[in-house]
Amino acid sequence: MKRVILAAVLGLSSLGTAVAAQTRASSVKPGGGGETHAGPAPDDKLLPAGWLFLNDPAPLFPHPEKAVQEKRISANSAPVSEPRPQVVNASPATPMQVPDATGLWLPLGELTPVAAFRNGQNIVLVAAGRHALDTAGLSGVGPFTSVSSRLLPDVTVITIGVSTDRDPVLRPVGAGWTVSVAPDVKPQADMLLGQDGNALTFMPPVQEGLPQVVALDDPSSGRRLLLGMTRSGRIGQPMRRQGTGFSVRSSLMGVVVAADSDDIELRQAAGRLVLDTMGPDSFPLMASNRLQPYGSSLSGVSLGGGTPQELREALRRSVAAAALAPSADRFEARMRVAQAAARAGNGPLLGEVMQVALQDWPEGAEKPETRRLQQISAVLNQREVSSYLTEDGGSTPEDQLWRGMMRMLMPSASRVGQSASGSVESDRNHTADLIATGLPVLQAYAAPLRDRLLPSAAQWVARYGNESATKILDQLPEGPQVALAKALLAARRDAPDAEEKLKALSHETSPLVWPVAREALLRRALEKKTLSPQAVADQVDGILPALRIAGREKSARLLQIEALMRGRNLAAAATAVQEWNRLYPEDMTDVEVQKTDIIRRMAETVSADGRQALNEVAFLKDALAEASGNGSLQRDILDGLARRYEAMGLPDQERDVLRKLVDIQGGAQGMAVRIRLARLELDMGDAKAARQDLSAFAEGSPDAALALPGGSSSQSVEVALLRAQIALADHRSDEAAGELATIRDPRAWTLRAQMAEKAGEWSRAVEALTPMLDALPGNGETAKAPLSPDQQALILRVGGDASRAQDQQTLRSLQDRFGAMMTGTPSEGVFRLLTGSRDGAATPPVSAGG
């Protein structure tokens, strides 16, 4: 295998500060003062204080246009054998002074894997590919004493001198990597160590890109270094392994293996790094069996099988022995009771014994067997304890099984230092991989413990495992639980026989099998639309007690809420969300999306049923109490409440809600709420309050005067109409006429006609109502659209006012235009009396009075 000497690279680290060049790194001091940016840099406020940036930091904060240009440049550029200098508009070399620097960003490109380890006071970082870095001037800046880089044929080696003993934390950020020595930064997650035959395997906790492998020579020891470059995962001190011809060393990122034999290789396979031997004369890497294939060599807990009578007898004897044990041996005796309780699957007893034992001797919590029994107790009693995830570093299949079972109990946000990814889906996949690795171990456990663990473990693998993980199900002995897991896997893959398998299992007698199969059938029915959403929700509600026994109540309630949402049954969905919050107050975030959707839909619609509207009011009031920090959600809730109070005929409650809405709503929407509030108060007879609500609008708004004829009414028109109505309520007709003088709106015409009729000015009333006749169909449109009752009433009103005003011309116009259309209508007789018969022209029109 071709080797590259690393000694020369490390030797250059002391010479990095002697090279004179322009500084292209960017630094930001606290307070935003004194920056030197290379090329087009982002806004100063976007760069955090205490960070150094090699080259251009813009990839951390990409501008859309810049990102497109960079993509085009990278697509059109061809690979080069030598690095090309980057053209930047940099100022002359300036000494960099960031005494409180705690981080360094290296522009190493997108999805570049790296391997990093500590060599004395130097951090050696090996990145895949060739990356031109300008490290001149980076010396004595905070804890970074020097930074140098060297390009090799396939990799870039970066040496960073640090003055602190704290190990830096490496993370991929933007189009590069960060090296942080801040005291509060969370450590990188550990690699997952396992065994495949006689080979060691290393699984990155985050599946992002494929690992790469490179071989270098270590200048300190002379041994060959096999470096596995990844995007996540480190090798901590407890994970170090040493065997014949190899040693797995600690790392800050990736895998670092010191190998004495050329037969030992590190390779990438299916997203994992595999350490193995090769060649015809190779020897088994794990011949000494340092990593047990099954059963943890670290926990010291025996969970082997036995007959039910033997398990009960062992538990009875251990309890009796613990009761008579002297104080010096009492802790160990209680641990034997806990072990017997674990084998018997007795979670409550196991939890009580562990609690009493650790209360008497807290130092016992450091023992590996104690931590394993705590894990078993947490799983059997369904208790989320995140601290049990970071156990003693064991990485056998049994250790990974219990780590996966613990992860299965809690949301990803609770897994401190153990989260596989920011994505919920990838996090579940990772948990399924851990469980699948240890599933064969369950077959050696005592039957009561195996029966408690197998259903949830096998179902999790079936629901979320990848191809390699689900293959483990085929190796398990057949039984109802295994058959159920395989049926769930078939449904997940939409296999043709999935529904048939689930239907058969839905008739099983086991309470742990048939409800789960029935739930899966209902989920498929909702997705395939073979049942109505309401029917799915009703059937789920009927089997909730059985699903509670099977441990699927939470998932079933989420399915029920989804079905109710699809069926647009907002009241029932809101009730289901309230029930969820009552049962699972710590998991309210699981229904936050559905809850927000319900509130938004309630703000847009109103239920016609009074009882349903009352239930919706209760839901919205509870949601309002919980949405104190979300202004947008508060506005939707208050809007929905106001609509329901209006529909229920509760004006006082509607007014209180609208006033709250006015306080938090701004802009045009806030003005619309004010208009809505003023109209309500005017209807309630409180003209003074309505006038005060409208005081926020400028007097004589030009929008009202410029409203186009026939156009939709603007807010200014609405305000003018309301002010006119308020003036009329205060018996100020002149003021109302002034407000309506320039308004071209049917409501304004109606108000003016009403005022004229009240004053007995019938000609003005006719003049006000005549423009409204323009919207009515003409005489030639009789067959197309008969007159509606409202249109007939308008014609009669105009005719009545014209008759009182002795306006013969208007009456003849009405007769000519609407005579044929009024024929055969209920208003025909009155119309003929007002306008006179066409056949009897000598008969004068009948006066309506006046």
Side-chain angles (χ1 to χ4, degrees), residues 238 289 291-406 409 435 438-457:
N289 203 25
L291 189 65
Q292 298 291 337
Y294 296 116
S296 173
S297 59
L298 301 177
S299 71
V301 178
S302 175
L303 302 172
T307 64
Q309 294 80 6
E310 292 172 345
L311 295 176
R312 287 195 295 269
E313 182 63 19
L315 180 58
R316 185 190 67 79
R317 290 182 178 181
S318 63
V319 170
L324 301 175
S327 59
D329 299 333
R330 191 167 297 157
F331 182 81
E332 297 298 333
R334 286 169 172 168
M335 288 300 98
R336 287 191 289 273
V337 176
Q339 180 174 283
R343 294 172 63 200
N346 192 334
L349 177 60
L350 172 59
E352 292 176 4
V353 171
M354 294 298 298
Q355 181 179 3
V356 172
L358 292 175
Q359 283 178 348
D360 285 354
W361 192 46
E363 293 81 358
E366 299 300 322
K367 290 179 170 290
E369 60 269 23
T370 302
R371 292 195 288 275
R372 175 51 45 80
L373 289 170
Q374 285 178 318
Q375 287 182 328
I376 299 173
S377 174
V379 172
L380 291 181
N381 295 307
Q382 297 291 298
R383 294 175 182 168
E384 303 174 6
V385 187
S386 59
S387 59
Y388 297 167
L389 279 173
T390 55
E391 56 168 336
D392 51 41
S395 54
T396 67
E398 185 178 22
D399 295 322
Q400 297 187 45
L401 168 69
W402 286 104
R403 192 176 294 119
M405 296 295 290
M406 289 295 301
L409 289 177
I435 296 174
L439 266 181
V441 181
L442 283 179
Q443 305 309 312
Y445 282 0
L449 180 60
R450 182 185 67 238
D451 294 342
R452 289 287 305 276
L453 300 177
L454 184 60
S456 57

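Please read these numbers as outputs of a predicted model, since none were measured by experiment.
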Would Leu380 and Leu449 count as a side chain to side chain contact (heavy atoms under 4.5 Å, CB included) here? Give the steps.
CA-CA 9 Å; Leu380 291 181; Leu449 180 60; 4.0 Å; yes
Given Ile435 and Gln400, is the side chain to side chain contact (heavy atoms under 4.5 Å, CB included) satisfied, shown in steps?
CA-CA 7 Å; Ile435 296 174; Gln400 297 187 45; over 6 Å; no
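- Scanning all heavy atoms of the two residues, the minimum distance from Leu315 to Ala341 falls at CD1-N, 3.8 Å.
- The CZ atom of Arg343 sits 13.0 Å away from the CG atom of Leu350 when rounded to the nearest 0.5 Å.
- In this structure, CD on Gln355 lies 9.5 Å from OG on Ser377, to the nearest 0.5 angstrom.
- Taking all atoms of both residues into account, the shortest heavy-atom contact from Gly364 to Thr370 is O-OG1, 2.9 Å.
- Partners of Glu310 according to the side-chain contact (heavy atoms from CB on, under 4.5 Å) rule, which considers only residues two or more places apart in sequence or in another chain, are Thr307.
- You'll find the side chain of Glu369 stays beyond 4.5 Å of the side chain of Gln339, heavy atoms only.
- Sorted by first and then second residue, the ring-ring contact (aromatic ring centres under 6.0 Å, His included) pairs with a member in residues 310-341 read Phe331-Trp361; sequence neighbours excluded.
- The CG atom of Leu311 sits 14.0 Å away from the CZ atom of Arg316 when rounded to the nearest 0.5 Å.
- Note that NZ of Lys367 is 13.0 Å distant from CD of Gln374, once rounded to the nearest 0.5 Å.
- Residue Ala340 comes nearest to Ser318 through the heavy atom pair CB-OG, 3.8 Å, listed as atom of the first residue, atom of the second, then distance.
- Checked by atom type, the side-chain pair Arg372/Gln375 shows a donor-acceptor distance below 3.5 Å.
- Residues Arg334 and Val353 share a closest heavy-atom pair of O-CG1, 3.3 Å.
- Using a 4.0 Å cut-off between a side-chain N of Lys or Arg and a carboxylate O of Asp or Glu, Arg336 and Glu332 do not qualify as a salt bridge.
- The distance from the CD1 atom of Ile376 to the CE atom of Met354 is 9.0 Å, given to the nearest 0.5 Å.
- Smallest separation of non-hydrogen atoms from Ala357 and Met335: CB-CE, 3.7 Å.
- Take Tyr445 and apply the ring-ring contact (aromatic ring centres under 6.0 Å, His included) test, not counting sequence neighbours, and it matches no residue.
- Gln382 approaches Leu409 most closely through the heavy-atom pair OE1-CD2, 3.5 Å.
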